[in-house]
Amino acid sequence: MRTIFGAGILAALALSVSAVRAEDAVRFAPLKAEELSPAQKAWADMISAPPRNAKFTAPPYRAYIRNPDLAPKLSNLSEYLRWNTSLPARLSEMAILITARHWTAQYEWSAHHPLAIKGGLDPKIADAIAKGTRPESTKDDEAALYDLGIALYRDKKVSDAVYKAALDKFGERGITDIIAIMGYYDMVSMMLITMQAGPANNGVQPLAVLEK
């Protein structure tokens, strides 16, 4: 992937972010507590507990809550993928950042960027992912994860060399964890894009638009 960096692009990005925020409450507008059905309220209470500490009015939960049969299944899956896989947070969050970059999912990127850094990912690696370039000075497991993710998203196939590197570092279970993380966050990205969720207001630089 190549980047487009210039005053015009950055200005357009800023305008698009403003437009997204203006539209943000229109699609899947936040529900009020008194509007929730018993099933919706039960799920909202569940996701408000640690370690998630989520608000049902925040993305992507305010979309999930529209489907109280599906919402618990999604949050149960994400509980495993975020906190209980065979991967450390440094790597699971890196996989999420790769997915957010693939989709230019602004909210997903801004929400998980701090978690990746807190988990031990070098900020320079996150910066390279944001620019659509292969990170330099990575640990072997980070390089193997990046190459697997890019092979899937860009090449739509996984070479023997990429597979062997991932297998050596993560084993078969770890590979399935990585693919499951990216697959789940593909769905999250599509949900966030559909609901026009802009970046979280946490100071993380929005993703620039990349060349096709």
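Quick caveat, the model's predicted, so the values are computed rather than measured. The basis for the numbers below is simple: all heavy atoms, side chains too, and nothing from hydrogens, waters or symmetry mates.
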(message) Phe56 vs Met46, test: side chain to side chain contact (heavy atoms under 4.5 Å, CB included). Steps then yes/no.
(response) CA-CA 10 Å; Phe56 71 88; Met46 182 185 74; over 6 Å; no
(message) Any salt bridge linking Lys164 with Asp168? Criterion: basic side-chain nitrogen under 4.0 Å from a carboxylate oxygen.
(response) yes
(message) Are Thr104 and Leu210 packed together at the side-chain level, in the sense that at least one heavy-atom pair is separated by less than 4.5 angstrom?
(response) no
(message) To check you understand the geometry: which heavy-atom pair defines the closest contact between Ala130 and Arg101, and what is its length?
(response) O-NH1, 2.6 Å
(message) With a 4.5 Å cut-off on side-chain heavy-atom distances among I, L, V, M, F, W and Y, is there a chain of contacts connecting Leu115 to Ile96?
(response) no
(request) Measure the acute angle between the ring planes of His113 and Trp109, then classify it against the limits of 30° and 60° as parallel, tilted or perpendicular. (result) tilted
(request) Can you measure from CG (Leu97) to OH (Tyr146) and round to the nearest 0.5 angstrom? (result) 12.0 Å
(request) Check whether any side-chain heavy atom of Glu172 lies under 4.5 Å from a side-chain heavy atom of Leu167, and answer yes or no. (result) yes
(message) Would you compute the distance between atom OH of Tyr64 and atom OG of Ser75 and round it to the nearest 0.5 angstrom?
(response) 8.5 Å
(request) Could you pull out the closest heavy-atom pair between Pro60 and Met195, with the gap in Å? (result) CA-SD, 4.0 Å
(message) Side-chain heavy atoms nearer than 4.5 Å, only ILVMFWY residues, links allowed to pass through others: does that put Val204 and Met94 together?
(response) yes
(message) Looking at Arg62, is its backbone amide N or carbonyl O close enough to the side chain of Arg66 to form a donor-acceptor pair, meaning the two atoms are under 3.5 Å apart?
(response) yes
(message) Please determine whether residues Phe28 and Leu31 belong to a single hydrophobic cluster, defined as Ile, Leu, Val, Met, Phe, Trp and Tyr linked transitively by side-chain heavy-atom distances below 4.5 Å.
(response) yes
(request) Please check if atom CD in Glu35 has more than 12 non-hydrogen atoms from other residues, nucleotides or ligands closer than 6.0 Å. (result) yes
(request) State whether the side chain of Lys73 and the backbone N or O of Asp69 hold a donor-acceptor pair below 3.5 Å, judged by distance alone. (result) yes
(message) Can you confirm whether Lys139 sits close enough to Arg90 that some side-chain heavy atom of one is under 4.5 Å from a side-chain heavy atom of the other?
(response) yes
(request) Supply the atom-to-atom distance Ile65 CD1 to Ser37 OG, rounded to the nearest 0.5 angstrom. (result) 7.5 Å
(message) So, using side-chain hydrogen bond (donor to acceptor under 3.5 Å, both in side chains) as the criterion, who are the partners of Asp186 when residues are at least two apart?
(response) Trp103, Tyr153
(request) Please name all residues satisfying salt bridge (Lys or Arg N to Asp or Glu O under 4.0 Å) with Lys124, sequence neighbours left out, ordered by chain then number. (result) none
(request) Can you measure from CD (Glu142) to CG (Leu121) and round to the nearest 0.5 angstrom? (result) 5.5 Å
(request) Examine Leu77 and Ile179 and state if one hydrophobic cluster contains both, with Ile, Leu, Val, Met, Phe, Trp and Tyr joined whenever side-chain heavy atoms are less than 4.5 Å apart. (result) yes
(message) Quick check on the hydrophobic clustering: are Trp83 and Leu91 connected, directly or via other members, by side-chain heavy-atom contacts under 4.5 Å?
(response) no
(message) Tell me the closest heavy-atom pair linking Ile117 and Pro123, and the distance in Å.
(response) CD1-CA, 3.6 Å
(message) A quick test of your reading: do over 12 heavy atoms of other residues, nucleotides or ligands sit less than 6.0 Å from CG of Asn84?
(response) yes
(message) What's the separation between atom OG1 in Thr176 and atom CZ in Phe170, rounded to the nearest 0.5 Å?
(response) 12.0 Å
(request) Measure the shortest side-chain to side-chain distance between Val26 and Gln196 over non-hydrogen atoms and say whether it is less than 4.5 angstrom. (result) no
(request) Nearest 0.5 Å please: distance from the CG atom of Leu36 over to the NZ atom of Lys41. (result) 8.0 Å
(request) Could you give me the CA-CA distance, side-chain angles and deciding distance for Glu108 and Met191, then say whether side chain to side chain contact (heavy atoms under 4.5 Å, CB included) is met? (result) CA-CA 10 Å; Glu108 187 169 276; Met191 193 76 71; over 6 Å; no
(request) State whether the side chain of Asp177 and the backbone N or O of Thr85 hold a donor-acceptor pair below 3.5 Å, judged by distance alone. (result) no
(request) Answer yes or no: are there more than 12 heavy-atom neighbours, outside Lys32 itself, under 6.0 Å from its atom NZ? (result) no
(request) Identify the two heavy atoms, one from Ser92 and one from Leu81, that lie closest to each other, and give their separation to 0.1 Å. (result) CB-O, 4.4 Å
(request) Spell out, as yes or no, whether a donor-acceptor pair under 3.5 Å connects the side chain of Asn202 to the backbone of Ser110. (result) yes
(request) Taking the side chain as every heavy atom from C-beta outward, state whether Ser189 and Thr99 have any atom pair closer than 4.5 Å. (result) yes
(request) Over all heavy atoms of both residues, which pair between Tyr107 and Ala58 is shortest? Give the atoms and the distance, please. (result) OH-CB, 4.3 Å
(request) Quick one: list whatever passes side-chain hydrogen bond (donor to acceptor under 3.5 Å, both in side chains) with Lys118, sequence neighbours left out. (result) none
(message) Within the 4.5 Å heavy-atom criterion, are Asp147 and Arg134 side-chain neighbours or not?
(response) yes
(request) From the options Ile178, Leu152, Ile181, Ile129, select the one residue that forms a side-chain contact (heavy atoms from CB on, under 4.5 Å) with Ile98. (result) Ile129
(message) Looking at every heavy atom in both Tyr80 and Arg173, which two are closest together, and how far apart are they?
(response) OH-NH2, 3.4 Å
